[in-house]
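Worksheet for the structure shown next.
Please read all numbers here as calculations on a predicted model, not as lab measurements.
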Amino acid sequence: MDKKRVDDFEPGPVSSPRALDRFGFVKQELNNSSEGLVKSKSAHEYEREERRIRKWRKMIGAGGSDWKHYLRRKPHVVKRRIRKGIPDCLRGLVWQLISGSRDLLLMNPGVYEQLVIYETSASELDIIRDISRTFPSHVFFQQRHGPGQRSLYNVLKAYSVYDRDVGYVQGMGFLAGLLLLYMSEEDVFWLLVALLKGAVHAPMEGLYLVGLPLVQQYLFQFDHLVREYLPKLGEHFTKEMINPSMYASQWFITVFSYSFPFHLALRIWDVFLFEGVKIVFKVGLALLKYCHDDLIKLPFEKLIHALRNFPEDAMNPDTLLPMAYSIKVSKHLKELKLEYEEKNGKFIRPEEKNEKLIRPEEKNRKLK
């Protein structure tokens, strides 16, 4: 693809101005939800927020210069503050620091530009087709071929070239779209690399490879966790023939960015980038626990609808997240992963498969 195709789209029509929430999403006229609305703050609340931001700035240092040192000295303080929510004005920088993507960016100057301008991707048409489906109610992505859609296209195209085993899968657009609201194209690209290749936590690429192998594993684990932590609801799901693939796949593929209220998704992402995928399991279990008494009464059709449309009060991060943090799943996830691998075989990443194809003497030669 030549550079003109990436950067010189003809501008599309600009929609008429509409009221936006504080995150840039068009307000639903019939929705009385308080999500995203800008509320007038008292002087006390404003000062408390300013103090919180000053604490964060001191913790991370100018441009993140003190981050690693502070994290080594006070990991529990960092964890507690992240769980309370990262200040929105610092979110983009902190996400890069906790994901390891900042280091990848600094070690690979010019790589992103090369991928965008000079490389071609087999997924280009698929990406173009899906662009308008990604956060269509957000002002940044609404204009056809506008700056938001161009940036989203560039990031997804670059990643599909960088990792041809994964290429492009539709759910990746929501990850990239959410990140683009907080950082530049190049920063988003390297954060995707950090997540999918496992710079800090377990690699996520299995969520998007052919057959979605990691999605299958996560759904197996989640199904067993539901039966263990919420046995009555688990029995009801069995009776109504409900399984997690009917409602939870998108939770893992998009890390709740697809259909959850944006203010809640951001708080989940704060923790996800620092603690890993276990927060997705915890939030899922907390949602089911919160709505347990209602869900257990519903027949199949209404149950499916309820599992895809949770009530507003269940989506309050100040209620839901403390409940999620109280659920301990790490040990169970490890045990269930082993059980899944015994039944279905261990998932081998593409890099590991390629490594096995190299003869030992060639491997030794490469290491010298």
Side-chain angles (χ1 to χ4, degrees), residues 1-31 33 35-38 88-89 91-93 95-96 101 105 112-162 167-192 195 208 250 253-266 269:
M1 171 179 283
D2 59 22
K3 188 174 182 179
K4 183 177 180 181
R5 185 173 173 189
V6 176
D7 293 328
D8 297 334
F9 286 116
E10 291 296 323
V14 180
S15 57
S16 58
R18 297 176 65 183
L20 305 175
D21 70 13
R22 65 191 173 101
F23 296 114
F25 288 90
V26 175
K27 292 180 183 177
Q28 301 299 314
E29 294 178 5
L30 299 178
N31 184 7
S33 167
E35 176 204 338
L37 296 181
V38 179
D88 204 57
C89 62
R91 194 164 253 135
L93 172 60
W95 280 1
Q96 293 173 63
S101 68
L105 170 67
Y112 176 72
E113 183 180 12
Q114 172 77 23
L115 294 170
V116 171
I117 297 176
Y118 300 109
E119 300 289 345
T120 59
S121 167
S123 303
E124 289 175 11
L125 292 179
D126 291 333
I127 295 170
I128 291 171
R129 179 198 64 206
D130 291 339
I131 286 293
S132 62
R133 305 175 188 176
T134 305
F135 295 126
S137 64
H138 194 283
V139 66
F140 187 54
F141 299 110
Q142 282 190 324
Q143 184 180 350
R144 186 168 177 266
H145 304 321
Q149 291 195 6
R150 282 204 309 270
S151 292
L152 186 57
Y153 170 84
N154 287 344
V155 170
L156 295 173
K157 180 244 181 172
Y159 193 87
S160 71
V161 175
Y162 177 83
Y168 164 74
V169 176
Q170 187 177 1
M172 295 168 65
F174 286 92
L175 272 67
L178 180 145
L179 296 172
L180 277 169
L181 300 179
Y182 286 90
M183 61 193 77
S184 70
E185 285 181 25
E186 188 174 17
D187 291 332
V188 171
F189 170 78
W190 287 112
L191 207 153
L192 284 179
L195 288 177
Y208 310 109
Q250 288 289 355
I253 293 173
T254 70
V255 193
F256 293 114
S257 62
Y258 173 62
S259 59
F260 271 45
F262 197 69
H263 65 304
L264 174 59
L266 291 175
W269 269 77

Q. Tell me the salt bridge (charged side-chain N to carboxylate O under 4.0 Å, His left out) pairs involving residues 178-187, sequence neighbours left out?
A. none
Q: Hey, could you give me each pair passing salt bridge (charged side-chain N to carboxylate O under 4.0 Å, His left out) that has a residue in residues 130-141? Not counting sequence neighbours.
A: Asp130-Arg133
Q: For Ser121 and Ser160, test the side chains for any donor-to-acceptor distance below 3.5 angstrom and give the result as yes or no.
A: yes
Nearest 0.5 Å please: distance from the [atom1] atom of [X] over to the [atom2] atom of [Y].
X: Met172; Y: Leu195; atom1: CE; atom2: CG; result: 10.5 Å
X: Leu179; Y: Ser151; atom1: CG; atom2: OG; result: 12.5 Å
X: Lys157; Y: Ile128; atom1: NZ; atom2: CD1; result: 10.5 Å
X: Leu191; Y: Met183; atom1: CG; atom2: CE; result: 5.0 Å

Q: Determine, using ring centers only, whether Trp95 and Tyr182 are less than 6.0 Å apart.
A: yes
Q.
Can you confirm whether or not the ring centre of Phe262 sits under 6.0 Å from the ring centre of Phe25?
A. yes
Side chain [X], main chain [Y], donor-acceptor under 3.5 Å:
X: Gln149; Y: His145; answer: yes
X: Glu124; Y: Thr120; answer: no
X: Tyr208; Y: Ile253; answer: yes
X: His138; Y: Phe23; answer: yes

Closest contact, heavy atoms only, [X] versus [Y]:
X: Ala176; Y: Leu192; result: CB-CD1, 4.2 Å
X: Thr134; Y: Gly173; result: CG2-O, 3.3 Å
X: Gln170; Y: Tyr168; result: CA-OH, 3.4 Å
X: Ala158; Y: Tyr112; result: CB-CE1, 3.6 Å
X: Leu152; Y: Gly177; result: CD1-N, 3.7 Å

May I ask you to test the [X]-[Y] pair for a side-chain heavy-atom distance under 4.5 Å?
X: Phe189; Y: Asn154; answer: no
X: Leu175; Y: Trp269; answer: yes
X: Phe141; Y: Ile131; answer: no
X: Val139; Y: Val26; answer: no

Q: Name all residues meeting the side-chain contact (heavy atoms from CB on, under 4.5 Å) criterion together with Tyr258; count only those two or more places apart in sequence or in a different chain, and write none if there are none.
A: Phe174, Gln250, Thr254
